[in-house]
Amino acid sequence: MNKTIYLGFISIYLGPNLSQIVFWLLDINYEMVRDIPEIRLWGIDENNRRIVVLDRSFRPYFYVVPENEKYLESLPKEIEKRFPKDILHTEISSKDFFGKSISVIRIVCRNPKKIPSLRDDIAKIIGVKNVLEADISFYLRYMIDNDIYPSSWHVVEAEEVKEKRTWQVDAIYLAKNPPKNISEKREIPKLKFLAFDIECYNQYGTPRPERDPIIIICTKTSEGEEKIFLAKDRNDRDVMEEFSKYVLEYNPDIIVGYNSNLFDWPYLVDRCKKYKYRLKISRTYFQPMPSLYGHISIVGRANVDLYDYAKDLPEVKVRTLENVAEYLGVMKKSERVLIPGEEIYKYWDNPKLREKLIEYCLDDVRSIYLLAKEILPFAIQLSSIVGLPLDIVGTASVGYRVEWHLIRQAYKFNELIPNKVERPYRPYRGAIVLKPLPGLHEDIAVLDFSSMYPNIMINYNISPDTYVPLGEKVSEVNIAPEVGHKFRKKPDGFYRKVLKRLLAARKEIKDKLKKLDPKSNEYKILYERQRAVKIIANATYGYCGWVGARWYKREVAEATTAWGRKIITETIRLAKSMGLKLIYGDTDSIFVRYDKDKVEKFIDTINSKLGLEIKIDKIYRRVFFTEAKKRYCGLLYDGRIDVVGLEAVRGDWSELAKEVQENVIKIILTENSPSKAAGYVQDVIRNLKNQKIPLSKLIIWKTVTKNIDEYEVAAAHVVAAKKLLASGYPLTVGDKVGYIVVKRPGVKLADKVEPYIFVKNYSDIDIEYYINKQIVPVATRILGFFGYSEKQLLAGTRQASLSDFF
DNA sequence: GCCTGAATAGTACCA
DNA sequence: ACTGGTACTATTCAGGCG
């Protein structure tokens, strides 16, 4: 009964007792152990113990689509014969592929690592039409096939492996069967997380790991313990070792950093390489390794980079740690130490300033720690919905998050996963945007369709597998307006099934939320969950029109927007016919005068007539439009002000200009006093001339969107970027460049910009630029409607400027 | 060569 | 590496004028 089996070089004893283990899945990987792939599920059990569950029963596979029936018979034998060492067996199975049921050959292999070469060899065999699902990594394949979800609870029948391997877990189990998902159990175990941040000595601009030491590493645990690891002067030999020892000692489940995948981890690893030291911090004492989507994997733990989630905060324009921490309300910039990045080495060298640098690093790690508390609950829900491990889901782009969600669903519906293929890009028509009625309007209701595109896709069964190509005769079809694409009414398409499930899940969660105390833990978990569901559902339309998508179908995207246009047009027509005053509309919303009875009747009519739900999103006490689409501002009844599209909410205008516009808007909307607003603008101009505006408000930030030498025109931010690069500053695609306009001989703006870090003197500033090209245009944008010209805004300041002069 | 308006480049927004 | 629609500024370029 009892037996000894061999795991690698370690002989283990398996006790006779199987037990049921309930655990929350944190991380997953696999290793080849004596020619057998061993899946390792790292988790936390119900008794808060760190465990790993081993499953050696699963084998990798992929599918071969034969040219025709004839090959279905011959190919399996031939393939088995050709690769006897690599292939365990083959079998025929029936799968759905773009609306058709097809017979495919499943090729079950011995070693996941051999799959890429096997795929290539087999694809060349005569009679093989296509090879599918050969690019799904093994551990994800395992989770898909067994309905296992990361960041979720599972139950497994397993036997404890008594003789422990030297891994950082409380117990090792060998699974008798694959674990089963317990989808009802949604609580989160008590996770131990460690926030960390490093500072490097950067005398020559960008720190380089082969040259510049790590001078400080700060950490903070979920229990609040803070640690500081310091280099000895510029010798960091011991810093990494002390840090890694501490990580092992604390044994975190999650390690969080800010931009850690692109900076801290590669830097740490490189720095260790220099000393021929291995950063053994995983639960198997392995070093961090690059993995999927640029994520750095630390076996047995989740390595989460919070910067990935900061990118989803459009309100924060320059996403530094300080700015994100301030925006999320976890640490005010005014209440923390701030040190310009390029001066860090000076603080380290100066004994009087070194303390301040350490405090700076601590403030960073405290911010990371607090951000983790805000962000991890969402990340966990996203991971469990998309099905990617917690540390990978953040680094995956929106497109891949949607795609992995679809891959998970495809398996459940017996759909084959299409390969990634290169395709030409062909644009198609999108949504309708109405010209606004310019001016200040009172009592305006914004009505919008909830989840318009997902619902359109559901209602008309729009999907790659229900698409009826030209010439094919199908009796029951939905025909898209304008573009004429046809989709079968029956059976349910892939997108319909997936989206229905998502929308239903969201509704269910929202219903549960209504019964919960908003302050409770459960509420927070479910709230984040419905948010994650919404994000995936809303991104699915965009995904299907993305040429890189496995389930790309241009006609699907094109038909969806075509129905969208029809619906909004019909809505507008109906609104007008019912006597509603229309102010504006964009894609899935209309702005109408809030005539309560008429609006309510209108909503009822739409809801019964169009098969889509329209509702009041908000009511503006006052709303202001210029001639431009997609730009307006409005005052709500609770006193809040919305600014949409205007300069005040753009990241590429100076803080000064944005502040001026915001205040002008505030005066107009709340006091309806253009003259007061104009006076305010004149005051600001006077202050600027008197050098009373801080330099920091004059910085203009713009993103570098391509390599510097690829730019065709001398744009201001490109010139500034070149100057930064010339001085040895790090700058790559995607970075933001901050510049200030200064007095220089040239006529072009590009001749007059300087990276803001180089500007020290106020007398250098090109005040005229800020007046004429920043303040006046944004103020006129609003005040122009009330009859104020640029000249008038400038005129009132003449007196002051003269007195300044004397 | 200078002026001017149109075309193009570039960025960031809205839904 | 989710989509198309849009506003806006600055640079570049072509054509008219002299």
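To find a chain, count down the sequence lines: A is the first, B the second, and so on, and within it residues start at 1. Here the structure is a predicted model, which means the values were calculated and not measured.
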Check: A:Y584 ring centre within less than 6.0 Å of A:F625 ring centre: yes
Proximity of A:Y543 and A:Y552 rings by center, below 6.0 Å: no
So what does [X] hit on the nucleic acid, given a heavy-atom distance under 4.0 Å: a base, only sugar-phosphate, or nothing?
X      : result
A:A716 : nothing
A:A628 : sugar-phosphate
A:G430 : sugar-phosphate
A:Y425 : sugar-phosphate
A:Y453 : nothing
A:R781 : sugar-phosphate
A:R401 : nothing

Ring pair (Phe, Tyr, Trp, His ring centres under 6.0 Å) partner of A:F624, chosen from A:F591, A:F786, A:Y632: A:F786
Residues [X] and [Y]: side-chain donor-acceptor under 3.5 angstrom:
X      : Y      : answer
A:S383 : A:S151 : yes
A:D642 : A:Y620 : yes
A:T780 : A:E790 : no

A:K723 NZ: over 12 foreign heavy atoms closer than 6.0 Å: yes
NZ/A:K576: more than 12 non-hydrogen atoms of other groups inside 6.0 Å: no
Closest-nucleotide 5' rank along DNA chain C - winner of A:I432 and A:T540: A:T540
Contact letters for nucleotides 4-15 of chain B, in which S counts primed atoms plus P, OP1 and OP2 and B counts the base, heavy atoms under 4.0 Å: -----SSBBSBS
End axis versus end axis in the helix from B:dG1-C:dC17 to B:dA15-C:dT3, the angle rounded to 10°, five pairs used at each terminus: 20°
Derivation and outcome, side chain to side chain donor-acceptor pair (under 3.5 Å), residues A:N707 and A:E710: CA-CA 5 Å; A:N707 290 320; A:E710 287 168 30; 2.9 Å; yes
Intermediate values then yes/no, side chain to side chain donor-acceptor pair (under 3.5 Å), A:N459 and A:N478: CA-CA 10 Å; A:N459 287 357; A:N478 293 313; over 6 Å; no
First-last contacting nucleotides on DNA chain C - partner chain A, under 4.0 angstrom, heavy atom: C:dA1 to C:dT12
Mutual orientation of the aromatic rings belonging to A:Y307 and A:Y258 [parallel < 30°, tilted 30-60°, perpendicular > 60°]: perpendicular
